[in-house]
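Residue numbering restarts at 1 for every chain, and letters A, B, ... go by the order of the sequence lines.
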2 protein chains.
Amino acid sequence: MSSSKLLKGSLATIVLKLLEENEKMYGYEITQRVKEITAGEFKITEGALYPTLHKLEAEGMLSTETQKVDNRIRKYYSLTKEGNAEAQTKVAELEEFLLNLQKLLNPKLGMG
Amino acid sequence: MSSSKLLKGSLATIVLKLLEENEKMYGYEITQRVKEITAGEFKITEGALYPTLHKLEAEGMLSTETQKVDNRIRKYYSLTKEGNAEAQTKVAELEEFLLNLQKLLNPKLGMG
DNA sequence: AAGTATACATAATTTTCTTATGCATAAGAA
DNA sequence: TTCTTATGCATAAGAAAATTATGTATACTT
């Protein structure tokens, strides 16, 4: 994630969330989808994305399937059953985290 | 920040924001304030906080002033003029970032 | 022919934490 | 009175997660 080196540690969660919604996606597609959703503000770098995908796969969260399209290889990733559970957990954790961050950034919210 | 190694990269912004609201604070006070605001969910470690404060000071964002209270030393930090501007910028960037993250986590928001 | 887009991957480096350690005083519990 | 917890600072070693740079390869556009 480029954008400005903010948030390190949310990339895996973003990937899991996208796969939760999409059944299967390949790496390049993920970078483009994120760029699209954030109107170009998040640019996920390959140097961050691929190691993250490989790690999630190694942990059993993702399964893969390669396809050849137009003579180019696409490696599709899908959530495993375990990956699905992990997606739920990670997204919930991140949302919780964001709520707390917002309390810090907007003190008035903390008073309610 | 303990809590779960989420968000790396937001600590300096949090510190700047707190100092924007408080005139002056010392390190230990910052850890306690964050803990209080987040109901114990963020625990800022000294190993993260002090180097961050030192760095911000070295960059001219913070000025310091030591006081002895009850025989214990407190090192108070305040925003410099430059630090005040930096606080504005960093907070705005983080908020922007959070909005984008929320679009990713809650796709329905992205469609509006 | 050169540049951009698509598509994967890895290595070196940097940033930013966590964990561990160290020093020191004060207050409360056992 | 001794041990633990709280207050208060600081730094060093190690880990985690990015960035940046590099490499390979095909396809499309200028």
Side-chain angles (χ1 to χ4, degrees), chain A residues 1-16 24-36 40-59 61-62 64-77 90 93-94 97 101, chain B residues 1-16 24-36 40-59 61-62 64-77 90 93-94 97 101:
Chain A
M1 198 159 349
S2 129
S3 193
S4 57
K5 67 269 198 159
L6 278 168
L7 268 286
K8 313 196 177 194
S10 55
L11 181 54
T13 306
I14 291 170
V15 167
L16 290 169
K24 64 177 186 175
M25 299 182 84
Y26 56 100
Y28 186 74
E29 186 185 11
I30 292 175
T31 68
Q32 298 308 300
R33 186 67 56 86
V34 167
K35 199 168 149 188
E36 183 193 322
E41 294 194 47
F42 286 9
K43 296 182 219 317
I44 292 183
T45 60
E46 302 114 308
L49 180 62
Y50 291 118
T52 295
L53 288 170
H54 299 163
K55 195 188 171 204
L56 287 170
E57 188 187 3
E59 292 169 348
M61 304 300 161
L62 305 180
T64 61
E65 172 195 346
T66 28
Q67 268 185 32
K68 204 163 193 175
V69 179
D70 274 330
N71 234 20
R72 279 197 232 87
I73 286 173
R74 286 181 184 172
K75 195 163 165 189
Y76 280 95
Y77 290 86
K90 288 268 213 157
E93 275 176 14
L94 185 49
F97 192 93
L101 238 196
Chain B
M1 203 159 349
S2 123
S3 193
S4 58
K5 67 267 197 164
L6 278 168
L7 269 286
K8 310 198 179 194
S10 54
L11 181 55
T13 307
I14 290 171
V15 167
L16 291 168
K24 66 178 185 172
M25 298 181 82
Y26 56 100
Y28 186 75
E29 185 184 11
I30 292 175
T31 68
Q32 297 308 300
R33 187 67 56 89
V34 168
K35 199 169 149 188
E36 180 192 324
E41 293 194 48
F42 286 9
K43 295 181 220 314
I44 292 181
T45 60
E46 302 116 307
L49 180 63
Y50 292 118
T52 294
L53 287 170
H54 300 163
K55 195 186 171 207
L56 287 171
E57 187 185 4
E59 291 168 349
M61 303 302 160
L62 305 181
T64 60
E65 171 196 345
T66 28
Q67 268 185 32
K68 203 162 194 176
V69 179
D70 273 331
N71 233 20
R72 279 195 232 89
I73 286 172
R74 287 180 183 173
K75 196 164 165 188
Y76 279 96
Y77 290 87
K90 288 269 212 154
E93 275 176 15
L94 185 50
F97 192 93
L101 238 197

When you look at Tyr77(A) and Met25(A), which way does the side chain to side chain contact (heavy atoms under 4.5 Å, CB included) test go after all the steps? CA-CA 5 Å; Tyr77(A) 290 86; Met25(A) 299 182 84; over 6 Å; no

Would you check, one step at a time, whether the test side chain to side chain contact (heavy atoms under 4.5 Å, CB included) holds for Val15(B) with Leu49(B)? CA-CA 9 Å; Val15(B) 167; Leu49(B) 180 63; 3.9 Å; yes

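The shortest distance between side-chain heavy atoms of Ile14(A) and Leu101(B) falls below 4.5 Å. Side-chain atoms of Thr45(A) and Thr31(A), non-hydrogen and from C-beta on, never get closer than 4.5 Å to each other.
Taking the side chain of Lys55(A) as heavy atoms from C-beta on, and the options dA10(D), dC17(C), dA17(D), the nearest nucleotide is dA17(D). The side chain of Lys8(A) has dA17(D) as its nearest neighbour among dA9(C), dA17(D), dA10(D). Closest to the side chain of Tyr50(B), from the set dA18(D), dC9(D), dA9(C), is dC9(D).
Taking atom NE2 of residue His54(B) and atom C1' of nucleotide dG8(D), one finds them 12 Å apart after rounding to whole Å. Regarding Glu57(A), its CD atom lies at a distance of 13 Å from the C1' atom of dA9(C), rounded to whole Å. The OH-C1' distance, from Tyr26(A) to dA9(C), rounds to 17 Å in whole Å. The distance from atom CD1 of Ile73(B) to atom C1' of dA26(C) is 15 Å, rounded to the nearest whole Å. Taking atom NZ of residue Lys68(B) and atom P of nucleotide dG8(D), one finds them 14 Å apart after rounding to whole Å. Going from atom CD1 of Ile44(A) over to atom C1' of dA9(C) covers 17 Å, rounded to whole Å. Going from atom CG of Leu56(B) over to atom C1' of dA10(D) covers 16 Å, rounded to whole Å. Rounded to a whole Å, the NZ atom of Lys90(B) is 11 Å from the C1' atom of dT15(C).
Of the two residues near DNA chain D, Pro51(B) and Arg74(B), the one whose nearest nucleotide lies more 5' is Arg74(B). Between Gln32(B) and Leu49(A), the residue whose closest nucleotide on DNA chain D is further toward the 5' end is Gln32(B).
In this view, Glu57(A) and Thr64(A) satisfy the side-chain hydrogen bond (donor to acceptor under 3.5 Å, both in side chains) rule, not counting sequence neighbours.
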Between the protein and nucleotides 23-27 of chain D, which nitrogen or oxygen pairs are less than 3.5 angstrom apart?
unit_1  : atom_1 : unit_2   : atom_2 : d
dT26(D) : O2     : Arg72(A) : NE     : 3.0
dA27(D) : OP1    : Asn71(A) : ND2    : 3.4
dA27(D) : O4'    : Arg72(A) : NH2    : 3.0

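When heavy atoms are screened at a 4.0 angstrom cut-off, Gly27(A) is found touching the sugar-phosphate backbone but no base atom.
Applying the Watson-Crick and G-U wobble criteria (two distances, each under 3.5 Å), dA13(D) pairs with dT18(C).
Both tests do not hold together for Lys75(B) against Tyr26(B): distance to the six-membered ring centre under 6.0 Å, angle to the ring axis within 45°.
Gln32(A) pairs with exactly one of Glu29(A), Lys35(A), Glu36(A) by the side chain to side chain contact (heavy atoms under 4.5 Å, CB included) rule, that one being Lys35(A).
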